[in-house]
Every structure is written in structure tokens, then in C-alpha cells.
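Contents: one structure, followed by commentary.
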Amino acid sequence: MQSVLKDYKYQSLESYLLDMIDSGRFNVGDKLPSLRGIAQKMGVSLATVTHAYMELEKKGIIEARPRSGYYVRQKAVFLPIPDSPMHDVQMGKLSRTQLIQTVLGIVGEKDMLPFGCICADNSLLPHKALARIMNSVLRTCGQDVMGYESIQGNQLLRNQIGWRMQEYDCQVTGNDVLVTFGAMEALYIALRTTTRPGDNVVIQSPTYFCFLQLLENLGLRAIEVASSPTHGVSPRDLDRAFSRFDIAACILAPNFNNPDGALIPDDAKQEIVELCDSYKIPLIEDDVSGDLYCDLDRRPRPLKSYDTTGNVIHCSSFSKTISPGFRLGYMIPGKKLDKALDIKATTNVSCSTPTQLTLGTYLKEGLYERHLRKLRTAVRSQRAMMQQLLPKYFPEGTRATQPKGGCVLWVELPKQVDGTKLFFDVKKHRISIAPGAIFSTSESFTNFIRLSCVGFWNEEMRAGLETIGRLACEQVESGK
């Protein structure tokens, strides 16, 4: 058998295991040999076997069961990917406030099945490590921790963020970082520094519904550019929007856009940055999902990594990965730093000192990457399970995205299904989803819903997904 592997690389072992599964040596539900057992049998290192098993797990071919081992999974039959139903560029009217508030009102309800909230399950968050560090901070810093932090943010935390950004090829330091109350405050400040009421702002469509609400509250007009689930926003379509309208700013989520999970290719990212530069249009980047890559070998590059002029305003947070309750985000305003500091100072002065010190220490101790690996595995596992069950439970003609990261699935239902009605129907069963209508100013996504992957799966979650599908099927039947 050792001759099968020749160079002993994990790809060879992966191919060997695939052949064994395809030939029927291992069938659906069979347990695979242990990591150590196959390493000894095949004459390879434990690291090689682990890598091969992880790659097979990413592809949904095998699954890890806690304290049991790896098993062959039933081959998944994925639904087709949704098309983008809207035109390439259009101006929309902002008016989704009441529905958005209803959707957001469910976020804090603990007894709702969380298919509508993008937030990792509490069991996956590093509460023990954060509690240990917080206790140490309160003991060692004494009265100092009770005072105001600097407007720009705690230096330790900013330095840690700066070093992480350098790993993503961004030419920044901690002195370029401004700490905020989550990514939403970062986006608020970014828009305040670049726009005035009545200005036009380009957004991708579909887009995160809170962006639309923020634009409305600031008196701004949305110019929507179509986003494809497979490649995001096209530089060509952005160029058309910039040519047709007087644009004050552009907001994009290049890495796993919420809700369609789109990942803009690297060459298109660079072209977009250069395009915004040429039109002198500030480019605001939402990168909250960048760390949640699941089916890629490395983290996707942010738009900021292509910025050479300070025109890109990078916004992100730790709410989706470490602790939503800490409410800690950050921005790299580039050449708008001074103005951003002015707005921050007159909005809420500064962010909480204890939480900034705690998070800065957590990053300094090197705990974040280990935590991210665990979180990404959990999210990927739940997403794969949902993708397997959607064809079984949902009506014929349903489509769903196949994102390589992020925490959501964007589901297109048959035309007879009203996503908003489905939202209220499943709410009666204590299940939350997000209706597609709130992700655009147009009527292009009324038969869409967004389903979140919070990183855990049990019988209650399975039954909840079945209920969503059943209620959607009932709408189809009644609409015939």
C-alpha cells in the first residue's frame, strides 16, 4: 500500500481514500480508520492524515463525530445557485424600517431557533478565556481601567489589529486604527466623513439590511448594483453607476457578502480599488466575515490590501467571531482619520476600557486563530447539513447559495412564496429567519429568505428547518 502514496503528500492520501469510498470499500455511515491507525498503515505522518481528513470533511464527503471518529457521509446533492434577479444598476427608494425593526427585535429572544441571526452560538464563544483575562485586567489595572480610554482606542488593541492587518498584505499600523462600537458605528462614521444628506451612495444588491436603514437615517440615497452569489459585484457595473450618477461614496462587502455569501475575486478587487481611486469616490469596505472563510486555504484579501492612496475605509468587528456583547469593532479610515476622530469624539467619546484591554490581551496571547479554526469547523459543518436537507424539506424549484465562507445561506424560493409572509408564519413557531425583502430597496428578492449558520446542530434545529420548508410548500400549494 505504501507505493500508492509515493511522495506521501496529503493529496495522494485524499485521492486514495476517495477511491476506497467510490469503490464501496467504505459505504455511507461506515467509520473510517483512526488517524493514527491509517498513519501507521500507510507509512505517513499524523499531520498528513489529519490534513487529508480535513480536506475530505470540507468537501462534505466525511464528517467528524465527537469522541467517535470520522464517518462517510451521504453524498450531498446541492440545490442550484440563485440568479441575480435585478438589473445591473438602479436607484431605489428606502422604506423598510418597520419590517427591519421587527426582524431585529427577535435577535435578543433566547427561545427562538436562530436561523435569522448572524451570531455564533454562545457555546462556541471563548467566554472562559475572556473571563480569565477580564478578571486579570480588573485586578492588575486597578482604578486606571475605570477611566476613559483614548478616543482612538486602546493602544494594545490597536497594535494587535494593525499586526493582523499586515498579515493580510495591508500597509497599516496600530496608529491607523480607530476602535468603534461594532462595525455599524465604523460604517456610520465612514459615511459621516464622506457624505452629506441627499448624496448618492453605491451599495451592492442584495446587501445587509442595516446598511439600508443607516442610509435612510442619514438622508442618503441608495444606488444599487447587482451582486452575483458566485463573484459579487462586477467592476464593469460599478463603472456604469459611477458614470450615470453623482456618487459620494461606495459601500461593498467583498468577502462573503451578507446575504448572498459572494466573494469578489482578487483581480476584481484590485480593479475596484483603482476604479474608485480614478473617480475619487471613497470606498467603504465591510469585512466582518473575512475571518470566517471555510472552504479556502487562506483568508481572502480585503480591499484595503490594494489601497495605495488611503481612499479605502476598512470596517470590521469581532462581534461575529469573539463576542457580540463586547460590541468592539474597528475602522482604518485612511486619509479620513482626522475627521473620523472628530466624529467619534462627538458621538460617544470612546469605547469601553475593560473590554478593549481584555480583547487586546486575548489577541496578544495568540488565542484568536485557535478559536477561529474551531468556529469555522462548526459553521461549515452546520452549513453542510442544511445544504443536504434543503432539497428534502423545501419546495421544488428552490435554489440556494454555496458560499465558501461566512455564516449565511441565501435561499431563492418559488415565485408563489412570499418571504415576508413566511417570516411571520415561522415566527409563530418560535423560529427566526430573515425575509429577502429587507435586503434591497427594490422588489427583486420578495421570494428569498436568508438562513443563518450559528455553528451548532441538533434535532430541534433539524425540525425547525423542516417546519420552514413545510410552510413554504404550503404557500406554493395555496398559490397554484
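Everything numeric here is computed off the predicted structure, so don't read it as measured data. Heavy-atom basis, side chains included; hydrogens, waters and symmetry copies ignored.
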For Ala183 and Ser317, the nearest pair of non-hydrogen atoms, with its separation, is N-CB, 3.5 Å
Just list the side-chain donor-acceptor pairs under 3.5 Å for residues 112-127, sequence neighbours left out, or say none.
from, atom 1, to, atom 2, distance (Å)
Asp121, OD2, Ser123, N, 3.1
Asp121, OD2, Ser123, OG, 2.4

Taken to the nearest 0.5 Å, the spacing of Leu275 CG from Arg236 CZ works out to 13.0 Å
Self-check item: Under 3.5 Å donor-acceptor, Gln382 side chain and Val454 backbone
Solution: yes
Interatomic distance, CG@Leu471 vs CD@Glu466, rounded to 0.5 Å, equals 10.5 Å
So CZ of Arg158 and CD1 of Ile332: to nearest 0.5 Å the spacing works out to 11.5 Å
Salt bridge (Lys or Arg N to Asp or Glu O under 4.0 Å) pairs touching residues 444-458, sequence neighbours excluded, are none
For Pro206 and Asn257 the tightest heavy-atom approach is O-ND2, 3.1 Å
Indicate yes or no for a side-chain donor-acceptor contact from Asn135 to the backbone of Ala131 under 3.5 Å, with no hydrogens or angles considered.
yes
In short, salt bridge (Lys or Arg N to Asp or Glu O under 4.0 Å) pairs touching residues 317-337 with sequence neighbours left out are none
The complete set of salt bridge (Lys or Arg N to Asp or Glu O under 4.0 Å) pairs with one or both residues in residues 349-362, sequence neighbours excluded, reads none
For this session: Answer yes or no: is there a donor N or O on one side and an acceptor on the other, between the side chain of Asn447 and the main chain of Gln416, under 3.5 Å?
Result: no
message = Taking Arg192's backbone N and O only, do any of them form a donor-acceptor pair with Thr195's side chain (distance below 3.5 Å, no angle check)?
response = no
Sorted by chain and number, sequence neighbours left out, salt bridge (Lys or Arg N to Asp or Glu O under 4.0 Å) with Asp277 holds for none
Distance-only polar pair, side chains of Ser440 and Glu224, donor-acceptor under 3.5 Å:
yes
Tell me, yes or no, whether the heavy-atom count around Asp297 atom CG, taken from other residues, nucleotides or ligands under 6.0 Å, exceeds 12. no
**Message:** Under 4.0 Å between a side-chain nitrogen and a carboxylate oxygen: does that hold for Lys269 and Asp266?
**Reply:** yes
dist Asp287:CG -> Phe256:CZ (nearest 0.5 Å) comes out at 9.0 Å
Output for pair (Asp418 CG, Thr446 OG1), nearest 0.5 Å, gives 6.5 Å
Hits for salt bridge (Lys or Arg N to Asp or Glu O under 4.0 Å) against Arg132, two or more places apart or cross-chain, chain-then-number order -> Glu365
Exercise: do Asn159 and Gln155 side chains pair donor with acceptor under 3.5 Å: yes
- Output, in order, the C-alpha distance, side-chain angles, deciding distance and verdict of ring pair (Phe, Tyr, Trp, His ring centres under 6.0 Å) for Phe439 and Phe445. CA-CA 8 Å; Phe439 294 93; Phe445 304 104; 8.4 Å; no
- Query: Between Asp307 and Lys304, does at least one N-O distance fall below 4.0 Å, as a salt bridge requires?
  - Reply: yes
Sorted by chain and number, sequence neighbours left out, salt bridge (Lys or Arg N to Asp or Glu O under 4.0 Å) with Arg430 holds for Glu109, Asp111
Under a 4.0 Å threshold between the charged nitrogen and the carboxylate oxygen, would Arg470 count as salt-bridged to Glu474? yes
Residue set satisfying ring pair (Phe, Tyr, Trp, His ring centres under 6.0 Å) with Phe318, at least two apart, ordered chain then number -> Tyr330, Tyr368
- Is there a donor-acceptor pair under 3.5 Å between the side chain of Gln356 and the backbone N or O of Cys351? yes
Within a reach of under 6.0 Å around CZ of Arg196, are more than 12 heavy atoms found that belong to other residues, nucleotides or ligands? no
d(Thr194 OG1, Ile284 CD1) to nearest 0.5 Å is 4.0 Å
Fill in: From CA spacing to verdict: salt bridge (charged side-chain N to carboxylate O under 4.0 Å, His left out), Asp342, Lys339
CA-CA 5 Å; Asp342 286 342; Lys339 192 170 182 180; over 6 Å; no
Of all heavy-atom pairs linking Arg380 and Asp295, the shortest is CD-OD1, 3.3 Å
Could you check whether any side-chain N or O of Asp286 sits under 3.5 Å from a backbone N or O of Ala253, counting only pairs where one atom can act as donor and the other as acceptor?
no
Residues at least two apart in sequence or cross-chain that pass salt bridge (Lys or Arg N to Asp or Glu O under 4.0 Å) with Glu285, listed by chain then number, are none
One thing to verify: whether Glu369 and Arg373 come together as a salt bridge, which I'm taking to mean a side-chain N less than 4.0 angstrom from a carboxylate O.
no
Side-chain donor-acceptor distances from residues 138-149 under 3.5 Å, at least two apart:
from, atom 1, to, atom 2, distance (Å)
Thr140, OG1, Ser136, O, 2.7
Glu149, OE1, Asn154, ND2, 3.2

The complete set of salt bridge (Lys or Arg N to Asp or Glu O under 4.0 Å) pairs with one or both residues in residues 171-190, sequence neighbours excluded, reads Glu185-Lys344
When every non-hydrogen atom of Asn255 is compared with those of Gly290, the smallest separation belongs to CB-CA, 4.1 Å
Are the side chain of Arg399 and the backbone N or O of Leu79 linked by a donor-acceptor pair below 3.5 Å? no
Hits for side-chain hydrogen bond (donor to acceptor under 3.5 Å, both in side chains) against Tyr168, two or more places apart or cross-chain, chain-then-number order -> Arg164, Asp291
Given 3.5 Å as the limit, does a donor-acceptor pair link the side chain of Ser228 with the main chain of Thr230, or not?
yes
Nearest heavy-atom approach of Pro302 to Ser305 is O-OG, 2.7 Å
